[in-house]
Amino acid sequence: MKKIAAGIAISALAASGLEAEETLQKRIAPPAVYEVAPGLGHFTDDVLFGEVWLRKELAPRDRSLITVAALISTGKTGQIPGHVRRALDNGVTPGELGELITQLAFYTGWPNAVSAVTEVKTVFDERGIGAVTASGVVPLTLEAAAEAARAATVNTAVAPTAPALADLTNRVLFGDLWRRPELSPRDRSLITMAALIAIGQPEQLPFHANRAMDNGLTRTEAAEVATHLGFYAGWPRAMSAVPVLERVFAGREAAPAVGVAMAAPDLRIIRASADGGMAGPVDRFTGAVRVSGLYQGDAPARIGGGTVAFSAGARTAWHTHPLGQTLFIVSGRGWVQKEGGPKDEVGPGDVVWIPPNVRHWHGATADQPMTHFAVAEARDGSSVTWMELVPDAAYHAGSR
Ligand code: MN
């Protein structure tokens, strides 16, 4: 009995000894981590490398690209050589590593990039990797419509205040760097996204996340970038990226990229009504008013409008529009007036812009009818706030 028990104990020891040896071999955390912070050792080996790095949602090569990008962006030079070795093992070429550093010079600053060069050079030397040569391949052509939209934004938002920064953005950043063939546009986007998340710059993330997805990054991969970076840039940075990505995903669902195969919604025609439409409600209009052709755009559009025909002397009540209103005068003669302002006469072809939240009324003149087509955007589902009717005295009071 004793003998058997001892035998079991010995074989159990042998088995655990073997397991221990295997465990040691699988460990990525250095022994010092286990000596100082055994919990960190556990999370490093069992979670980060035992689980996260193995998740199928992002390829090992992509994980290496974003890890190295996060380390360079945040100036964590000590960890760069280890992850550069891993990146090379995961299929990132020396030329791609060099280009990754170049890309990050623009997005996280020259000092970070230059410090990274020193660290990467030690790995290149250790592995006998020679000097990286320029590919000499012709620059990539960026998608014309997207590039025009991007340049227009820079020219409007940046050029008036910082013309040289706008010029460098257009000419160097997008005209040269983003066109370099040494990295695929998808990889360039992936690295840029990783850097923005790692340095906690979610303001710039929507543009680059959209660009990454235009360049072929999937939604699952984009979400996995944030997940992976939780470990390399910290949970707060990863968590801050999530609502930004959520809005990007929602925006892309609402407006699918041009060329995406899906059933396009039908055009909608609101037919002219034979009877001229419905009567304007008496609490909103004075006099005979017909409202027709009411329409509302499909979300995310928030535009809507309709045609309003006023008989002579008819007019709206006082009202405001949360996001303003545009009136196209179709026929007749009309009056428009903001509270405290002059009463202006308008006629066919005239266009009136009424700014948001300005109390006003519009209608026909006292002796002629007027028809206008009115368009307004809705905020929180509402495009107008109605108030009291315009009394006759106020309606007739001085035109200019
Ligand atoms: Mn109005």
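As the structure is a computational prediction, the values presented were derived from the model and not from experiment. Both counts, for ligands and for their atoms, begin at 1 and track the order of listing. When reading the values below, keep in mind they use all heavy atoms of this one structure, side chains included, and skip hydrogens, waters and symmetry mates.
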Salt bridge between R186 and D62, side-chain N to carboxylate O under 4.0 Å?
yes

Tell me, which pairs form a salt bridge (Lys or Arg N to Asp or Glu O under 4.0 Å) where one or both residues lie in residues 154-172, sequence neighbours left out?
D167-R171

Side-chain donor-acceptor pairs under 3.5 Å in residues 45-56, sequence neighbours left out?
residue, atom, partner, partner atom, Å
D45, OD1, I28, N, 2.6
D45, OD1, A29, N, 3.2
D45, OD2, Y34, OH, 2.5
D46, OD2, H42, ND1, 2.5
W53, NE1, Y232, OH, 3.0
R55, NE, E224, OE1, 3.4
R55, NE, E224, OE2, 2.6
R55, NH2, E224, OE1, 2.9

Which protein N, O or S atoms sit under 2.8 Å from the Mn ion (ligand 1)?
H319 NE2, H321 NE2, Q325 OE1, H360 NE2, H362 NE2

Centroid-to-centroid, H208 to W178, below 6.0 Å?
yes

Qualifying salt bridge (Lys or Arg N to Asp or Glu O under 4.0 Å) pairs with a residue from residues 382-393, counting only residues at least two apart or across chains:
R315-D392, R359-E388

Check whether NZ of the Lys or CZ of the Arg R268 lies under 6.0 Å from the centre of the six-membered ring of Y295 and within 45 degrees of that ring's axis.
no

